[in-house]
2 protein chains.
Amino acid sequence: MPPTQRRQPKQARSRELVDRILVAAGELFAGRGYPFVTTNHIAEHAGVSVGSLYQFFADKEEILAALQDAWTARLGAELDLRLRVDADTDLAETVEAVLDLHAELNRQPPGLLGFLLISTFGKQDSNGVVAAIHERLLDLLASRAPHVSPHRRHVIASMLVHITNGLYSVGLTAGATDPAVRGEVRAALLGYLNQVLAE
Amino acid sequence: MPPTQRRQPKQARSRELVDRILVAAGELFAGRGYPFVTTNHIAEHAGVSVGSLYQFFADKEEILAALQDAWTARLGAELDLRLRVDADTDLAETVEAVLDLHAELNRQPPGLLGFLLISTFGKQDSNGVVAAIHERLLDLLASRAPHVSPHRRHVIASMLVHITNGLYSVGLTAGATDPAVRGEVRAALLGYLNQVLAE
DNA sequence: GTATTATCCGAGCTTTAGCTCGCGTTTCTC
DNA sequence: GAGAAACGCGAGCTAAAGCTCGGATAATAC
């Protein structure tokens, strides 16, 4: 059965508490990986008791889900701002905007964006964060590459997400904040896109 | 302290038992992800008792390490055969050979290669499987792109590994054995490589 | 001020993953 | 064939993760 429904925060202090929990959880998930983070870790790192944590979250998974929801909304909004679908804007410019966005979002709960994008941990969880990006890319491809079959557009969108994720997974092996990594990801995206769009 | 040393198999039956454990572990790791697989699962799936399992493996991590070692050796040998460094062989041909190799290796303990390549689970484990590929790619880049700085060659090699991993992580979202995925990975590799080598 | 509701706390209960241990069985050695 | 070594087994021990519960405190309602 699904876990019992929890209380919704009604006062300012409890809303702050929930926020602190989400921030703490984000940092820990990004740092150690979801399976290696305990709810006691989260509570301690947030300066909150486990009891309080479980007043607002039914289980550990729900904390992750809340994080994903928040970031899905945030990413979707940001992408709508920056991924203008005008067929005449320069491709390199669009790519640059996306890389900027990633750099920016990956700053504050550090590494969390990368974690949310990369982690699937075995289950094919309907990853809303990835889906948000995927959806926008499909729109973009529909206007830029209308001759490509819809099915292939899906695959291409997945590839684009994956290559961009190189920012994080390659960053792990090559030094996390290496600007050279960003350069290579840009090169890979442009090289691939040019080849696809030129067909 | 490190876990106590275990017995080495000395009879045929125990060697078979170890093999069965490794195969079972590989399938389960690939299917559910390392953290979600218990040693009891492995033993059960291998048709072996937990006790027997722990006669040859000190802990769960050692099972993973044994798998990685075996695949590191296997991949290294295969790559040495196929990744000829002659600067005159066609690039597309080399890429094709690598994609063939991946398809072939990913067949028997299904999905295990993808798992070994992708999984880092938080810790920056010195992933020998990836290192084996990385090393060969560095050689190849040294002969093909001698004008590129060594540091950048490292980053490029990481990107190549990452893009190739798209075979697995994109395959998860786009239908596991979709041949279109292979086509896109090839396009991405060639598009990126051409751009890098043309500079 | 009092009653009511929301909040917070953390010791400790429950479950389960990782792993051990002693005994029975098979194979090897001579 | 007898003794020794290697092997196989699975009930159950230990530690730790997930989570609960009852009581104390703070905010809100009237």
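Every heavy atom of this structure was used, including side-chain atoms; hydrogens, water molecules and symmetry mates were not. Computed from a predicted structure; not experimentally measured. Chain letters run A, B, ... following the sequence lines, proteins first, then strands; residues in each count from 1.
The shortest distance between the side-chain N/O atoms of B:S49 and the OP1/OP2 oxygens of D:dG8 is not below 4.0 Å. The side chain of B:T39 contributes no N or O atom lying less than 4.0 Å from OP1 or OP2 of C:dC19.
Look at CD1 on A:I42: it is 10 Å from P on D:dC19, rounded to the nearest Å. Across the protein-nucleic acid pair, B:I21 atom CD1 and D:dG8 atom C1' stand 11 Å apart, rounded to whole Å.
Counting only heavy atoms from C-beta on, B:V50 has its side chain closest to C:dC19 among C:dT7, D:dC19, C:dC19. Nearest to the side chain of A:F56, among C:dC8, D:dC7, D:dG18, sits C:dC8. If you check C:dT7, D:dC9, C:dC28 against the side chain of B:S52, the one that comes closest is D:dC9. Listed candidates were C:dT27, C:dT20, D:dT28. Nearest to the side chain of B:R6 is C:dT20. Ranking C:dC8, C:dT27, C:dC19 by closeness to the B:Y54 side chain, first place goes to C:dC19.
When heavy atoms are screened at a 4.0 angstrom cut-off, B:L17 is found touching the sugar-phosphate backbone but no base atom.
Of the possible polar contacts, one joining the A:T164 side chain to the A:L160 backbone as a donor-acceptor pair under 3.5 Å is found.
Side-chain atoms of B:H162 and A:N165 include no donor-acceptor pair closer than 3.5 Å.
Ranked by how close their nearest DNA chain C nucleotide is to the 5' end, A:Q8 and B:R13 are led by A:Q8.
Nearest approach of B:Y168 to B:G114, heavy atoms of both residues: CG-CA, 3.5 Å.
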